[in-house]
Amino acid sequence: MNQFYITTSIPYVNGEPHLGHALEFILADSMARYARELNKQVIFSTGTDEHGSKIYNKAKDLKLDVQDFVNQTSDQFKKLAKDLNVSNNRFVRTTDQNHIDRVQLIWQKMSKDFYKSKYIGWYCDGDEAYFTDSEVRENNGICPNHNKPFEKIEEENYFFPLSKYSEKIYQAIIDNKFKIYPKGKRNEMLSFLNDGLEDISVSRPIKKVPWGIEVPGDKKQTIYVWFEALLNYITVLGYPEHSDFQQYWPANIQVVGKDIARFHAIILPAILMSLDLELPQNLYIHGFVSVNGKKMGKSLGNSINPTQIIKKYGVDPTRYYFLRHISSSSDGDFSFEAMDDAYNNELANELGNLIQRSLVMINKYLNGEIGSIPPPEHDIIPYKRAIEAFHLDQALDEVFKQVRSLNQYIDETKPWVIAKQNDKDHLKEVLEYLASSILEIAFLLKPFLPETSKKIEDIFKSKKLPSKLEILFPKLEEPAKHEAN
Ligand code: MSP
């Protein structure tokens with residue numbers, strides 16, 4: 001099977017893109033690019049989640065037309081993807097007519113499974129989600145995500161019998177037909193399933209949530225935003241009839257953050273089972289990014305727009321930080337100080353310097369002509385294994401091990417001494433080995449730092465190397481004092 005389908009979650013458009021969104025885009029993009037290197041035909045989809053009362057209220061607060069507001073914010077996410085050099089070839093918006101039509105069709109298909117019932121319980125507007133008595137008790141009545149009291153509500157809605165599918169989902173996870181990474185999250189999901197699931201409500205009174213997709217045949221209800229948003233993964237492929245859907249479903253990888261793991265590990269699989277569809281092969285759950293050790297948030301005044309980072313350091317250094325210095329399997333932190341260090345010590349001193357000094361020596365001793373380069377014989381299995389186990393941070397550690405050992409190789413072989421001894425063959429051999437190993441590094445960096453990789457390849461693949469090189473990572477001489485915000 002040569003088709004490969006990868007998705008990110010679709011961010012809400014009630015606020016600007018932040019570092020968490022950037023992290024998710026970069027992780028998924030690196031995996032999409034890696035799949036392309038393996039000659040897969042890739043559909044990589046992202047998009048925006050645009051319905052629900054949170055978005056509606058925000059637009060009203062800003063005195064904007066709701067559609068205008070969602071158009072504007074959705075564009076910011078498109079721009080972020082572009083600025084980060086994200087190679088998605090689909091961008092789904094839940095206000096797209098294509099999505100709306102297909103959601104209504106899916107609703108009709110699934111309605112055999114639905115029943116109407118009264119819901120009395122707890123709700124948080126910020127999460128657009130219901131909470132159980134025990135969750136509310138554990139948090140003393142205050143939603144930890146939004147710092148405001150849970151609301152007691154009573155409404156009549158359509159329900160989806162999640163409980164009916166829990167055993168089958170549990171089994172799919174146990175049998176590794178539906179793989180969840182990292183392991184800790186997989187166990188957490190298994191334990192939720194073990195505790196038993198409550199049925200979920202999949203609609204809202206239109207009076208309460210007017211900004212939503214109408215329930216077919218019931219003008220008084222709109223479809224619950226989470227329910228329809230989860231369907232984006234199949235509507236974007238043209239479920240049910242489009243050939244993309246036939247060829248690309250099930251998704252190979254879905255990338256989501258830890259706060260929405262349950263929606264993707266439990267609710268989406270149940271929906272897919274109700275539709276008689278296969279489950280995604282892998283669900284990769286990333287952690288949360290904090291800023292200077294503190295939870296990010298507008299109200300906390302420490303939110304950073306990813307564009308700020310890209311402007312200051314460039315796109316590849318930004319990608320690099322998120323891939324290597326934010327753990328691929330748990331939470332991580334961003335600070336400008338840590339970013340400066342990573343940039344100066346690793347990109348400028350280690351990688352940049354390796355390229356620079358190698359180029360200078362090949363020019364000086366071989367007149368820039370490196371000739372045919374024997375392929376290196378490094379073991380790249382640990383690199384591949386790391387990527388395939390969603391440890392992108394470790395894959396980059398492997399690449400930088402090679403960078404460091406090449407710098408060491410130069411220090412030890414001392415080509416300038418060999419040149420003085422006039423041992424031309426040995427000198428050529430050493431420099432060829434260097435050039436070929438650098439090309440290998442460029443190849444390994446391709447999924448992660450595509451621009452840098454291309455620049456390095458362009459230099460070392462040319463018959464005659466350029467005599468001067470624009471420094472790849474100019475050192476930040478005086479790391480500026482940074483203010484978050
Ligand atoms: N709209 C829903 C997703 C629907 S998918 C059918 C949503 N949107 S979101 O904008 O709140 O979050 C989008 C993604 O960003 C989620 O995967 C979420 O986990 C991730 N992050 C939000 N804040 C984050 C951090 N501080 N750090 C890392 N990722 C975080 O949820």
Side-chain angles (χ1 to χ4, degrees), residues 6-28 45-55 58 70 73-74 76-77 80-81 84 86 90-95 99 103 106 124-129 143-146 185 202 211-213 223-236 251 253-269 271-272 280 283-300 302-306 321-323 325-334 484:
I6 178 163
T7 66
T8 69
S9 75
I10 50 171
Y12 288 125
V13 290
N14 63 330
E16 287 178 6
H18 56 57
L19 300 189
H21 301 125
L23 171 70
E24 191 164 309
F25 278 178
I26 297 168
L27 290 171
S45 180
T46 184
T48 39
D49 186 356
E50 305 185 7
H51 287 125
S53 50
K54 203 160 45 162
I55 287 160
K58 181 79 190 238
V70 297
T73 329
S74 179
Q76 295 186 21
F77 283 93
L80 174 66
L84 286 169
V86 168
R90 295 285 195 283
F91 191 96
V92 54
R93 298 183 53 187
T94 57
T95 56
H99 175 77
V103 164
I106 293 167
C124 170
D125 208 27
D127 287 298
E128 306 248 14
C143 170
N145 304 328
H146 298 89
K185 289 287 158 201
V202 288
W211 185 248
I213 302 178
I223 301 178
Y224 174 40
V225 56
W226 256 111
F227 181 79
E228 56 111 339
L230 285 169
L231 299 177
N232 88 84
Y233 305 118
I234 58 174
T235 64
V236 70
I253 303 176
Q254 299 208 284
V255 184
V256 304
K258 64 178 185 181
D259 58 330
I260 58 170
R262 266 203 255 187
F263 288 95
H264 290 81
I266 297 171
I267 301 181
L268 179 61
I271 295 173
L272 294 168
L283 175 64
Y284 167 45
I285 300 164
H286 62 79
F288 261 39
V289 193
S290 54
V291 174
N292 292 316
K294 296 203 184 81
K295 193 175 159 183
M296 255 176 0
K298 275 235 175 74
S299 51
L300 300 169
N302 65 347
S303 86
I304 298 174
N305 189 319
Y321 186 89
F322 281 87
L323 287 163
H325 290 281
I326 302 284
S327 158
S328 304
S329 51
S330 59
D331 295 339
D333 187 58
F334 177 87

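Keep in mind that this is a model prediction, so the values were computed, not measured. Counting convention: from 1, in listed order, for ligands and their atoms alike. All values below were derived from every heavy atom in this structure, side-chain atoms included, with hydrogens, water molecules and symmetry-related copies excluded.
There is no side-chain donor-acceptor pair under 3.5 Å between D331 and S290. If you check the side chains of H99 and T235, you find a donor sitting under 3.5 Å from an acceptor.
In terms of protein heavy-atom proximity, atom 3 (C) of ligand 1 is nearest to I10 O, 3.2 Å. Atom 12 (O) of ligand 1 has its closest protein heavy atom at H21 NE2, 3.9 Å. Protein heavy atom closest to atom 22 (C) of ligand 1, with residue, atom name and distance, is H18 CE1, 3.5 Å. Atom 7 (C) of ligand 1 has its closest protein heavy atom at Y12 CE1, 3.5 Å. For atom 13 (C) of ligand 1, the closest heavy atom belonging to the protein is S9 OG, 3.5 Å. Counting protein heavy atoms only, atom 30 (C) of ligand 1 is closest to F288 CE1, 3.5 Å.
Separation of atoms CZ (R93) and OG1 (T73) is listed at 9.0 Å; rounding is to 0.5 Å. I285 contributes atom CD1, which lies 11.0 Å from atom NZ of K258 (distance to the nearest 0.5 angstrom). Between L231 atom CG and I213 atom CD1 the span is 8.5 Å, to the nearest 0.5 Å. Here L80 contributes atom CG and I26 contributes atom CD1; the two are 8.0 Å apart, rounded to the nearest 0.5 Å.
Close N/O approach between E24 and ligand 1 is found [any backbone or side-chain N/O within under 3.5 Å]. For a threshold of 3.5 Å applied to N or O pairs, the pair formed by V289 and ligand 1 contains at least one separation below that value. Backbone and side-chain nitrogen or oxygen atoms of I260 are examined, and none is located within less than 3.5 angstrom of a nitrogen or oxygen of ligand 1.
Residue contacts with ligand 1, taken as heavy atom pairs separated by less than 4.0 Å, involve N232 solely via side-chain atoms from C-beta onward.
Close approach of ligand 1 to D259 (heavy-atom distance below 4.0 Å) involves ligand atoms 18 (C), 19 (O). Atoms of ligand 1 found under 4.0 Å from any heavy atom of D49 (numbered from 1 in listed order, with element): 1 (N), 2 (C), 4 (C). Set against the non-hydrogen atoms of A229, the atoms of ligand 1 under 4.0 Å away are 6 (C). Applying the 4.0 Å criterion to heavy atoms of Y233 picks out, from ligand 1, the atoms 5 (S), 6 (C). Atoms of ligand 1 lying under 4.0 Å from any heavy atom of G20, numbered from 1 in the order shown and given with element: 24 (C), 25 (C), 27 (N), 28 (C), 29 (N), 30 (C).
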Next item on the list: Output, in order, the C-alpha distance, side-chain angles, deciding distance and verdict of side-chain contact (heavy atoms from CB on, under 4.5 Å) for L23 and L19.
Entry: CA-CA 6 Å; L23 171 70; L19 300 189; over 6 Å; no
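Side-chain contact check for D49 versus S9: every heavy-atom pair is 4.5 Å or farther apart. Considering only heavy atoms from C-beta on, I55 comes within 4.5 Å of V70 through its side chain.
Residue-ligand proximity: H286 is placed with a non-hydrogen atom under 4.0 Å from ligand 1. Contact annotation: W226 has at least one heavy atom less than 4.0 Å from an atom of ligand 1. Heavy atoms of G287 approach ligand 1 to within less than 4.0 angstrom.
Ring-plane geometry between F77 and H21 is classed as perpendicular, the angle between the planes exceeding 60 degrees on a 0 to 90 degree scale with a lower cut at 30.
Side-chain rings of Y233 and H264 approach one another, their centers coming within less than 6.0 Å.
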